[in-house]
Chemist: 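Below is the structure I would like to discuss, written out as structure tokens.
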Amino acid sequence: MSGGPELLFPLFSDLTKLDGIGPKTAQNLDALGITKPRDLIFTLPHAVIDRQKRASIKDVVAPRIVTVEVVIHDHLPPKQRGRPYRINVADQDTTFQLVFFHARGDYLQRQLPMGQRRVISGKLEIFDGVAQIVHPDHMVTPEMADEIPSFEPVYPLTAGVTQKLMWKATRAALARVPEVQEWIDPGLLAQEKWPDWPTALLQAHGPEGLGDVTPEAVTRQRLAYDELFAHQLTLALARASARRAKGRETIGDGRLQSRVLAELPYVPTQAQTRAIAEIAADLASPQRMNRLLQGDVGSGKTLVALMALLVAAEAGGQGVMMAPTEILARQHLDGLRPLAESAGIVLDILTGRDKGAERAAKLAALANGEVQILVGTHAVFQKDVIFQDLRLAVIDEQHRFGVAQRMELGTKGDAVDVLVMTATPIPRSLSLTQYGDMDVSVLDEKPPGRTPVQTALVSTERIEDVVARLQQAVAEGRQAYWVCPLVEESEVSDMTAAEERFKRLRAIFGEGVVGLVHGQMPPAEKDAAMARFVTGETKVLVATTVIEVGVNVPNASIMLIERAESYGLAQLHQLRGRVGRGAAASTCLLMYQAPLSETGRKRLEIMRETEDGFRISEADLAMRGAGDVIGTAQSGLPRFRIADLERQAGLMAKAQSDARKLLHDDPNLTSARGQAARVLLWLMEQDKAIRLLSVG
């Protein structure tokens, strides 16, 4: 840590400088992610042991930890090898035994001489009717009784690290905590009745009861807030520096937009109108847009995106819409084309499939500005793809595109504005963690004309009835998705499950009625199978979860999910969103394997109760935790040591508005509070933020 404030040096020194920590222990602590005193002070106890002294064990219900003063009576050394050494002791009301295995008698005679008083603390158990404490945790003279904490914190451990060691190491690290200036807004501090930082640390490491180790404890809230505030400051700095980057003013005159609106068979929802206005204002401003459009399945994001792209076209520029897969890109094209044509706009698509002369012609049309809106996949990133004047990039499904790729798109034009669309409703606390550097527009209403989906739970034992009902539905001209179970072991077994189900259904429904798609198929085969389903040639599509994102077949009105209990809520919600897109009443059948676990049942019941993606994602967060909701592997979620995103969600929103306000009032963090915030950034190792500050 070079260049940090001097007052923090003691917290960033070598662990071996602390009393009682040698190179070996330091190596063991590394397994807990502890490499310096700073990591120790942020490793909080997760439980607490009550070691308050009592007069007697008489009314204690064993097993439990007790601390009691006793008189040592007789020693009973073992009669044969391998038997325990026992010592009878008496407190003020009753007698019990201390038990030692593999103990040396002379050592115990010295530690616990007959007739003397000792304070003993350990786990009281009843064995063969006799009350006993095996290997007490503490045995001290009454004068030394203060050495035993009334409430002993319990720390996470790893091989070679004991509670005693953690207690000593954390005390040594706490002794190095410096006096710091307060970085939290004084109004918030007073309102929440939070202690100052050093006090909060001391209290967190010296809990006085079980309430002190929960995320709801006042000290925990304060320390969690410090962490979230540092994180949001970093995002706010990134946002501010992105905004300083020169943007371009893209101002539309509305002529193309009004043509499209006139063609629409319905009136846009208020949420759509609001989002369109927010985006248009961003495009018109001299700063670069970095906005997230978050809308549940079927909330009408495509229309909002098209309106934004039309603003770029009205201003004489071009827009690009990026999709993660070819299927989705083609679908966007199909969705946009009729509307774009009504406005007289030239639209084209560019994917990895375009080759030779055809590709060359498209590139030429892009370079000379004939193509106003391009729909594409990753192929758009290739070097030879040159726009005449790219103003806006719309990116579908954020987590399939990294930040680096967002940047790369920005280089395809002069200060390109970016709009990211996601159909994954993410709880507010998580979207702030992931997208805190972006401005967010939310579509929280559904456009008219979408029928609600009826969701039913059915056990796998009734699969014959299900198939019979499906045959009837197909005979009536309806189409269905049949999603096969997620198999943990490997992709291959997912494929086998789908192929098996496909064969069995084909035997029942006959040749040509059932289609199959899974992740292992070559893209061309997958597209062909999808196309047959889209045109209605096949009636039942057997699939793995490859269909979860974006496939649009309005005639499909039945979604059947096998082993639904093995999916996360967000995934089930995405899958269910594939039906209910047309006028027909739609059904989603969640098939489960009985008996269901408690959480499995809860998850499926939430699905049955609501179609609101935000409610579902909040429930998912509460049940599964942050990493799982976004998918830890690509979540990019910061690792918080103290903050608990599930249980302290409210703190994140406070931290964001506070961070943005502080930077608004003090962009270079030069005020007294700004300087304190710089110390916090160093303390939380937010090097990225510190670099942004030094640049800024």
Side-chain angles (χ1 to χ4, degrees), residues 20 24-25 28-29 32 45-171 205-210 213:
K24 185 89 185 80
T25 303
N28 291 336
L29 284 168
L32 290 170
H46 52 77
V48 60
I49 296 170
D50 179 349
R51 291 199 192 271
Q52 295 178 88
K53 208 169 134 193
R54 55 180 72 234
S56 169
I57 65 159
K58 200 171 97 180
D59 301 319
V60 173
V61 179
R64 71 164 290 173
I65 302 254
V66 295
T67 306
V68 63
E69 189 172 321
V70 298
V71 176
I72 309 293
H73 285 190
D74 41 342
H75 283 239
L76 309 169
K79 298 268 194 295
Q80 66 217 67
R81 264 181 79 99
R83 308 293 297 161
Y85 191 113
R86 297 173 183 276
I87 302 174
N88 287 321
V89 298
D91 63 29
Q92 72 170 36
D93 292 334
T94 183
T95 57
F96 59 97
Q97 283 189 340
L98 306 180
V99 180
F100 301 87
F101 289 90
H102 317 296
R104 300 210 322 279
D106 53 344
Y107 164 79
L108 291 173
Q109 297 281 356
R110 280 200 310 278
Q111 287 293 318
L112 304 166
M114 253 178 94
Q116 296 260 350
R117 294 191 156 273
R118 289 288 183 271
V119 176
I120 304 290
S121 186
K123 190 172 185 183
L124 181 75
E125 297 172 295
I126 308 291
F127 188 72
D128 280 349
V130 179
Q132 56 181 37
I133 294 177
V134 181
H135 292 278
D137 305 318
H138 301 269
M139 310 185 289
V140 297
T141 61
E143 297 76 54
M144 307 291 282
D146 289 351
E147 274 187 12
I148 304 176
S150 300
F151 293 97
E152 185 182 356
V154 180
Y155 289 95
L157 300 180
T158 181
V161 177
T162 61
Q163 288 299 345
K164 269 206 178 95
L165 194 149
M166 282 300 285
W167 163 269
K168 269 185 72 168
T170 46
R171 297 320 104 170
H205 285 279
E208 304 234 310
L210 294 171
V213 292

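The analysis underlying the following values was restricted to heavy atoms, covering all of them including side chains, and did not include hydrogens, waters or symmetry mates. Here, residue 1 is the first one in the sequence, and each next residue gets the next number.
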Chemist: Could you tell me the separation between the CD1 atom of Ile148 and the CE atom of Met139, rounded to the nearest 0.5 Å?
Modeler: 10.5 Å
Chemist: Side chains of Arg118 and Gln111: closer than 4.5 Å at any heavy-atom pair?
Modeler: no
Chemist: Taking all atoms of both residues into account, what is the closest heavy-atom pair of Ala55 and Asp91, and its distance?
Modeler: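 Of all heavy-atom pairs spanning Ala55 and Asp91, the closest is O-CB, 3.7 Å.
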Chemist: How close do Val68 and Arg54 get, heavy atom to heavy atom, and via which atoms?
Modeler: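 Scanning both residues completely, I find the closest heavy atoms to be CG2-O, 3.5 Å.
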Chemist: Out of curiosity, Ile57 CD1 to Asp93 CG, how far, rounded to the nearest 0.5 Å?
Modeler: 9.5 Å
Chemist: With rounding to the nearest 0.5 angstrom, report the CE to NE2 distance, Met144 to His138.
Modeler: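 Between Met144 CE and His138 NE2, I get 12.5 Å after rounding to 0.5 Å.
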Chemist: For a quick test of reading the model, state the closest non-hydrogen atom pair linking Leu108 to His75 and the distance between them.
Modeler: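 Minimum heavy-atom separation between Leu108 and His75: O-CE1, 3.6 Å.
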Chemist: Are side-chain heavy atoms of Val134 and Glu125 found at a separation under 4.5 Å?
Modeler: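 Contact flag for Val134/Glu125 side chains = yes.
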Chemist: Look at the rings of Phe100 and His135 and say which category their plane angle falls in: under 30° parallel, 30 to 60° tilted, over 60° perpendicular.
Modeler: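 Plane angle over 60°, so perpendicular.
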Chemist: Would you call Val66 and Ile133 a side-chain contact if the rule is heavy atoms closer than 4.5 Å?
Modeler: yes
Chemist: Supply the atom-to-atom distance Leu124 CG to Gln97 CD, rounded to the nearest 0.5 angstrom.
Modeler: 12.0 Å
Chemist: What's the separation between atom NE2 in His102 and atom CZ in Arg81, rounded to the nearest 0.5 Å?
Modeler: 10.0 Å
Chemist: Tell me, please, which residues at least two apart from Arg51 pass salt bridge (charged side-chain N to carboxylate O under 4.0 Å, His left out).
Modeler: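 Residues passing salt bridge (charged side-chain N to carboxylate O under 4.0 Å, His left out) with Arg51: Asp137, Glu152.
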Chemist: Looking at Val130, Asp74, Val99, which one forms a side-chain contact (heavy atoms from CB on, under 4.5 Å) with Arg86?
Modeler: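 Option passing the side-chain contact (heavy atoms from CB on, under 4.5 Å) with Arg86: Val99.
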Chemist: Does any part of the side chain of Leu165, heavy atoms only, come nearer than 4.5 Å to the side chain of Thr25, both counted from C-beta?
Modeler: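 Thr25 vs Leu165: side chains touch.
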Chemist: Which atom names give the shortest non-hydrogen contact between Pro78 and Pro84, and what distance separates them?
Modeler: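 Answer, listing the atom of Pro78 first, then Pro84: CB-O, 3.5 Å.
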Chemist: So, do His205 and Trp167 sit near enough that their side-chain heavy atoms are less than 4.5 Å apart?
Modeler: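 No - every pair of side-chain heavy atoms lies 4.5 Å or more apart.
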Chemist: Just wondering, more than 12 heavy atoms not from Glu208 lying within 6.0 Å of its CD?
Modeler: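 Incorrect, the count does not exceed 12.
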Chemist: Kindly indicate whether the side chain of Leu157, heavy atoms from C-beta on, has any atom under 4.5 Å from the side chain of Gln163.
Modeler: yes
Chemist: Which atom pair, heavy atoms only, marks the closest approach of Ala145 to Val119?
Modeler: CB-CG2, 3.9 Å
Chemist: With the side chain counted from C-beta on, respond yes when Thr95 and Asn88 share a heavy-atom pair under 4.5 Å apart, and no when they do not.
Modeler: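 No, too far: nothing below the 4.5 Å cut-off.
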Chemist: Tell me the closest heavy-atom pair linking Ile72 and Pro113, and the distance in Å.
Modeler: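 So the minimum-distance heavy-atom pair works out to CB-O, 3.5 Å.
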Chemist: Just how far is it from atom CD1 of Ile49 to atom CZ of Arg64, taken to the nearest 0.5 Å?
Modeler: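 If we round to the nearest 0.5 Å, Ile49:CD1 and Arg64:CZ are 11.0 Å apart.
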Chemist: Is there side-chain contact between His46 and Val213, with at least one heavy-atom pair below 4.5 Å?
Modeler: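 His46 vs Val213: side chains apart.
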